[in-house]
Amino acid sequence: MSFDEEYDRPPVVFVPAGEDDEQREENLEMVKPSPGYFTSSVLIADAIIKRSEVTVLDYTANQVTVRYQIDGIWHSGNPMDRETGDYMLATLKQLAGMDYRERRQRQTGNFGTEFQKAKQKARVVSQGVATGERVVIYLTWKKDVIDKVEDLGMRESMQEQLKQLLRFDEKGMMLVAGMSKEGYTSAWRGVLNACDRLTRDFYVIEEESLVEEEVINFGSVTFDSGKGETAMSPIPALMLREPNVLAFNDLPDGKSVDEICDLSNKYNMPVYVRAQGRNCIEAIRRVAKLKPDLGKFAKLLKFVVCMRTLRRLCPKCRIEYPPHPKLLQKLGLPVGRVASLYQPFIYRQGMLDEDEEEIQPCEHCSGIGYKGLTGIFELLTVTDELKKAIAQKADTKSLTKIAAANRHVSMRQEGAILVAKGETSVEELQRVLTAKPKSKAK
Ligand SMILES: [Zn+2]
């Protein structure tokens with residue numbers, strides 16, 4: 001789609017800001033004749049078709065650049081000349097109940113949209129910057145709450161293995177690892193739900209500011225660190241309810257690791273702890289860096305489950321290719337057994353086919369080549385050999401080596417399985433595996 005007035009206006013229905021229906025109606029009638037109404041409709045329709053979570057408009061002296069965030073990745077849209085962009089912004093601000101003449105001060109506002117049978121809320125934030133003005137539009141997508149590991153992409157044999165491991169009902173610790181903004185919460189909920197929750201009494205202990213959407217069927221107990229409380233503050237009262245498992249969603253320091261270990265030992269009770277890490281070994285190393293009593297931690301740690309997310313190739317337009325044996329070797333896939341791999345077809349405007357005809361972007365993925373996300377899971381059983389190494393402060397390299405010697409399937413190998421199945425590309429796996437760790441989850 002381009003910003004060309006030869007097309008009809010996409011049938012986006014706007015629900016402007018306003019105190020009542022009458023005011024909203026008035027607001028809408030005011031913007032309809034303005035030249036920015038058409039481009040605003042195209043912009044919002046484009047963002048919805050592309051399933052953009054965040055749309056950023058950067059106003060500079062001569063032009064306006066457009067970027068969309070889709071499945072966590074930034075994509076460039078078509079730039080606009082400044083005049084077109086200014087008219088559009090005036091309309092968007094009016095729809096959101098903001099002052100369209102104000103270009104410096106930070107402003108926020110909301111409007112509703114309805115397009116392709118989906119209702120969205122758009123939150124608009126504008127702010128003057130050194131080069132001009134930046135406008136960010138957040139579209140709220142009603143996401144299905146995924147809280148089962150099978151729906152998150154865990155393969156069947158691992159689901160079985162996890163269920164077995166989760167049956168332990170004496171002292172011991174499980175780490176649930178992941179990266180913030182990358183399925184961290186989904187993995188946590190999925191694992192908690194994989195436990196036999198009907199026969200077990202679970203409580204999740206959470207710092208008040210970190211409380212996320214309710215984890216279904218689990219009791220949530222909060223503490224307020226602002227008032228000097230710690231994760232241990234609610235424990236005495238909680239123990240009167242005789243819980244079977246306690247789960248902690250944050251590990252702020254070494255002292256809290258020690259306290260959680262002591263608790264598990266004292267009541268001979270399993271504890272589940274959420275931790276940051278790009279893979280299982282890294283999660284263990286990150287806990288070790290908090291300087292807890294490593295011997296105690298290593299002794300209690302039973303297993304680690306880690307989830308990362310990557311983009312799924314669009315099944316309608318992915319391109320099949322015969323992989324080079326060296327690539328298969330690098331991925332650890334059996335040479336000769338994988339006949340084809342897949343890569344994304346990334347659409348660019350003006351692309352021509354063999355007959356010099358202009359290619360249209362794939363309707364299923366809007367030409368992005370990927371659609372939706374899937375999880376890769378790694379499950380590490382902490383063997384006696386690993387426990388010993390953890391207690392002796394072994395580094396990542398040695399821990400990885402020990403795990404590999406114990407036939408552990410690493411995150412990289414788990415990802416290669418998804419590549420072999422054609423669910424994702426080598427490039428996407430590489431991107432996720434080499435991603436720099438982001439800051440702590442909030
Ligand atoms: Zn496609």
Side-chain angles (χ1 to χ4, degrees), residues 1-4 7-8 10-12 41-56 65-79 113 115-118 120 137 139-144 146 151-153 181-183 186 308-324 327 331 333 338-376 415-433 435:
M1 202 173 288
S2 65
F3 297 97
D4 187 339
Y7 294 97
D8 290 334
V12 178
S41 307
V42 174
L43 181 87
I44 296 298
D46 214 18
I48 294 173
I49 291 168
K50 289 189 160 105
R51 297 177 307 113
S52 173
E53 299 120 22
V54 189
T55 304
V56 177
T65 58
V66 184
R67 283 181 299 147
Y68 300 100
Q69 193 184 55
I70 303 156
D71 289 333
I73 302 288
W74 288 105
H75 298 269
S76 301
N78 296 327
T113 65
F115 183 58
Q116 292 186 336
K117 290 181 192 153
Q120 314 266 359
I137 304 165
L139 281 177
T140 45
W141 289 88
K142 221 177 148 190
K143 283 195 180 139
D144 294 332
I146 302 176
D151 298 336
L152 294 169
K181 291 182 185 166
E182 211 210 84
S186 300
R308 303 292 307 278
T309 53
L310 41 71
R311 292 179 297 160
R312 231 183 244 279
L313 275 170
C314 171
K316 304 273 188 218
C317 66
R318 60 181 188 176
I319 305 167
E320 194 175 349
Y321 67 96
H324 194 281
L327 176 64
L331 288 166
L333 293 170
V338 182
S340 39
L341 294 181
Y342 295 86
Q343 59 192 35
F345 174 70
I346 300 161
Y347 170 80
R348 283 185 308 278
Q349 216 172 17
M351 272 180 153
L352 302 176
D353 65 12
E354 298 115 45
D355 304 325
E356 306 269 308
E357 294 281 336
E358 200 172 315
I359 295 174
Q360 293 304 312
C362 164
E363 279 183 14
H364 191 63
C365 66
S366 320
I368 290 162
Y370 293 94
K371 190 164 185 183
L373 298 166
T374 185
I376 339 174
I417 298 172
L418 284 182
V419 171
K421 282 183 182 166
E423 286 195 33
T424 196
S425 68
V426 177
E427 297 81 2
E428 175 66 1
L429 177 64
Q430 216 53 34
R431 181 187 70 81
V432 169
L433 293 180

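Both ligands and their constituent atoms are indexed starting at 1 by order of listing. Nothing fancy with the numbering, it's 1 onward along the sequence.
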| task | State whether the number of non-hydrogen atoms from other residues, nucleotides or ligands found under 6.0 Å of Glu363 atom CD is greater than 12. | result |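 Incorrect, the count does not exceed 12.
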| message | Any heavy-atom pair between the side chains of Ile359 and Arg348 that's under 4.5 Å? | response |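 A side-chain contact is absent here, since even the closest heavy-atom pair is not under 4.5 Å.
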| How close do Thr55 and Ala47 get, heavy atom to heavy atom, and via which atoms? |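 Heavy atoms only, the tightest pair is OG1-CB, 3.7 Å.
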| query | Of the non-hydrogen atoms in Ser425 and Tyr370, which two are nearest, and what is the gap between them? | reply |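 Residues Ser425 and Tyr370, closest heavy atoms: OG-OH, 2.6 Å.
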| task | Check whether any side-chain N or O of Lys371 sits under 3.5 Å from a backbone N or O of His364 as a donor-acceptor pair, and report yes or no. | result |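 Yes; at least one donor-acceptor contact below 3.5 Å.
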| said: Donor-acceptor pair, distance only, cut-off 3.5 Å: does the side chain of Glu428 make one with the backbone of Arg311? | reply: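 Yes, Glu428 side chain to Arg311 backbone: donor-acceptor pair under 3.5 Å.
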| Protein N, O or S atoms at less than 2.8 Å from the Zn ion (ligand 1), how many? |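 There are 4 of them.
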